[in-house]
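Below is one structure, written out as structure tokens, with a few remarks after it.
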Amino acid sequence: MARLAQTAGLTDVQQEILSTVRDFVDKEIIPVATELEHRDEYPQAIVDGLKELGLFGLMIPEEYGGLGESLLTYALCVEEIARGWMSVSGIINTHFIVAYMLKQHGTQEQKDHFLPRMAAGDVRGAFSMSEPGLGSDVSAITSKAVKDGDEYVLNGQKMWLTNGGTSSLVAVLVRSDEGHPEGTAPHRSMTTFLVEKEPGFGEVRPGLTIPGKIDKMGYKGVDTTELIMDDLRIPADRVLGGTTGRGFYQMMDGVEVGRVNVAARGCGVAQRAFELGVRYAQQRHTFGKPIAQHQAIQFKLAEMATKVEAAHAMMVNAARKKDSGERNDLEAGMAKYLASEYCKEVVEDAFRIHGGYGFSKEYEIERLYREAPMLLIGEGTAEIQKMIIGRRLLEEYRFQG
């Protein structure tokens, strides 16, 4: 029987890349993921292996030393990596979003300066929108940049930076009122700054502090942090794209492709949960036969597999639409919403199939059960996705009465 979630129409190169990544996941990630996760240990050896495979430059153009692959190829690789350990896919994702924003919106000097080193994995990216009192309301950002000669002075506190400690480049969204008179719409007075820093915690450059790792229920191993700016001075040539006031649109473009990534992560985690559930159901015996032969369990497996297939198909569709150059916020929102919700449900069903053993840390499903909820909020909650989907549907089906 073929594996679930196969993708038709892939090139030989895409198939070779995916085969290589799948082999790496099976040999280098799955055997150690649960142990590292329980210790909340950064997976340095795994990251080094991904660097050798060239995955940090997967979508960076060949002229900058990357592989120049599509969003679809990237999403399918993320799906495989998340099947092994979701935290590792998070390490790649934030880097990918910053590289994508640079490729799409950066000045030529910024591309030349950052992209070759990002492709090699020598510069690792993180991006920052959220703030402690902000939630999903990006327009309420209070962090601010003030022009001072050839520099900007940044002040404020940011929250929920994936790779906040291990990164050396952070794309930070702040308010910049310069050139934007009072009354300007909030999203037109935001700017993205490219902030270079030393990896680590504490004061990582004058005026910039990464306090430490946030202790989380799941999604461990990868560092999630705050970022505090206290008179942080940034040269004017580190405004992404060279012009202030465009930060909101640049970030939303990055988040849009990030939603495809989160959908891919949901697909990968759901696939692994199904694999664990269907295997355990054939090993565990009750009432004289494997529980897989009980109709109730077969119904669960059928529902789980169908959800894995459906989520994968929507994720692939969203990636292919973006690769075609078309607007894909509707498809990306749908894919992210469905994949994250289905992931939660498939993981819970696999957890139920394991019975009491699912509650034991000796079983991998326990880790997945704690990881799946992060996908419900990452890159926008289900409610935000439904708002995006609803607005786009009304645009497409506007009643002409």
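Everything quoted here is computed from the prediction, not taken from an experiment. Residue numbers run from 1 in the order of the sequence given.
Counting all heavy atoms, side chain and backbone alike, Gln110 lies closest to Asp237 at NE2-O, 3.0 Å.
The structure places SG of Cys77 at 11.0 Å from CG of Asn261, a figure rounded to the nearest 0.5 Å. Between atom CD of residue Glu198 and atom CG of residue Leu208 there is a gap of 11.0 Å, rounded to the nearest 0.5 Å. Between Asp323 atom CG and Ser70 atom OG the span is 4.5 Å, to the nearest 0.5 Å. Atom CG of Leu375 sits about 8.0 Å away from atom OG of Ser89, to the nearest 0.5 Å. Remark: Ile228 CD1 to Asp230 CG distance equals 9.0 Å, nearest 0.5 Å. Rounding to the nearest 0.5 Å gives a distance of 6.5 Å between OH of Tyr42 and CG of Asp223.
Judged purely by distance below 3.5 Å, without hydrogens or angles, the side chains of His105 and Thr192 never pair a donor atom with an acceptor atom. In this structure, a donor-acceptor pair under 3.5 Å is present between the side chains of Arg175 and Ser189. Side chain to side chain, Thr73 and Gln14 meet the donor-acceptor criterion of an N or O pair below 3.5 Å. Between the side chains of Trp160 and Glu226, no donor-acceptor pair of N or O atoms lies under 3.5 Å. Side-chain polar atoms of Lys213 and Thr225 form no donor-acceptor pair below 3.5 angstrom.
In this structure the side chain of Phe127 reaches within 4.5 angstrom of the side chain of Met129, judged on heavy atoms. Counting only heavy atoms from C-beta outward, the side chains of His285 and Ile291 never approach each other to under 4.5 Å. Between Leu102 and Leu194, some side-chain heavy-atom pair lies under the 4.5 Å cut-off. Between Val222 and Asn163, some side-chain heavy-atom pair lies under the 4.5 Å cut-off. Residues Val195 and Leu169 form no side-chain contact, since every pair of their non-hydrogen atoms from C-beta on lies 4.5 Å or further apart. Annotation: side chain of Lys144 is not in contact with side chain of Leu154 (no heavy-atom distance under 4.5 Å). Contact check for Glu275 versus Arg3: side-chain heavy atoms found under the 4.5 Å cut-off. Between Arg83 and Glu79 the shortest side-chain heavy-atom distance does not fall below 4.5 Å.
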Assess whether salt bridge (charged side-chain N to carboxylate O under 4.0 Å, His left out) is satisfied between Arg259 and Glu379, documenting all intermediate values.
-> CA-CA 6 Å; Arg259 285 182 179 131; Glu379 258 44 317; over 6 Å; no
Test side chain to side chain contact (heavy atoms under 4.5 Å, CB included) on Ile234 and Val153 and set out the steps.
-> CA-CA 6 Å; Ile234 301 295; Val153 181; over 6 Å; no
For side chain to side chain contact (heavy atoms under 4.5 Å, CB included), just list the numbers for Glu309 and Met314, CA-CA rounded to whole Å, side-chain angles, deciding distance to a tenth of an Å, and then say yes or no.
-> CA-CA 9 Å; Glu309 285 284 350; Met314 291 198 73; over 6 Å; no
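Seen from the ring of Tyr152, Arg233 does not count as a face-on cation partner, given the 6.0 Å and 45° thresholds.
A salt bridge is absent between Glu37 and Lys220; no separation between the charged side-chain nitrogens and carboxylate oxygens falls under 4.0 Å. Salt bridge annotation for Glu326-Arg320: absent, with no cationic side-chain nitrogen under 4.0 angstrom from a carboxylate oxygen. We find that Lys322 and Asp329 are not joined by a salt bridge, their nearest charged nitrogen and carboxylate oxygen being 4.0 Å or further apart. With respect to Glu396 and Arg392, a salt bridge is recorded, a charged nitrogen being found less than 4.0 Å from a carboxylate O. Ion pairing between Glu303 and Lys300 fails under the 4.0 Å rule for side-chain N and carboxylate O. Looking at Arg367 and Glu364, a side-chain N of the basic residue comes within less than 4.0 Å of a carboxylate O on the acidic one, giving a salt bridge. Using a 4.0 Å cut-off between a side-chain N of Lys or Arg and a carboxylate O of Asp or Glu, Glu366 and Arg370 qualify as a salt bridge. For Lys27 and Asp23, the salt-bridge test passes: some basic side-chain N is under 4.0 Å from an acidic carboxylate O. Taking the charged nitrogens against the carboxylate oxygens, Glu345 and Lys307 do have a contact shorter than 4.0 Å, which makes a salt bridge. Residues Glu196 and Arg238 are paired through a salt bridge, judged by an N-O separation under 4.0 Å between the basic side chain and the carboxylate.
The number of heavy-atom neighbours closer than 6.0 Å to CD of Gln295, taken from other residues, nucleotides and ligands shown, is 12 or below. Heavy atoms from other residues, nucleotides or ligands lying under 6.0 Å from CD of Glu16 number 12 at most. Counting heavy-atom neighbours within 6.0 Å of Arg39 CZ, excluding the residue itself, gives a total above 12.
Qualifying side chain to side chain donor-acceptor pair (under 3.5 Å) partners for Glu362, counting only residues two or more places apart in sequence or in other chains: none. Annotation: salt bridge (charged side-chain N to carboxylate O under 4.0 Å, His left out) contacts of Glu131 (sequence neighbours excluded): Lys158.
Formation of a donor-acceptor pair under 3.5 Å by the Asp40 side chain with backbone atoms of Gly221 is found in this model. Between the side chain of Lys147 and the backbone N or O of Ser176, no donor-acceptor pair lies under 3.5 Å. Side-chain atoms of Lys197 never come within 3.5 Å of backbone atoms of Arg205 as a donor-acceptor pair (strictly under, hydrogens ignored). Judged by distance alone, the side chain of Thr381 and the main-chain N or O of Ile384 form a donor-acceptor pair under 3.5 Å.
Between His95 and Phe56, the ring planes are perpendicular. Angles over 60° get that label, and only those under 30° would be called parallel. In this structure, Tyr369 and Phe351 have parallel ring planes: the angle between them is below the 30° cut-off, well short of the 60° mark.
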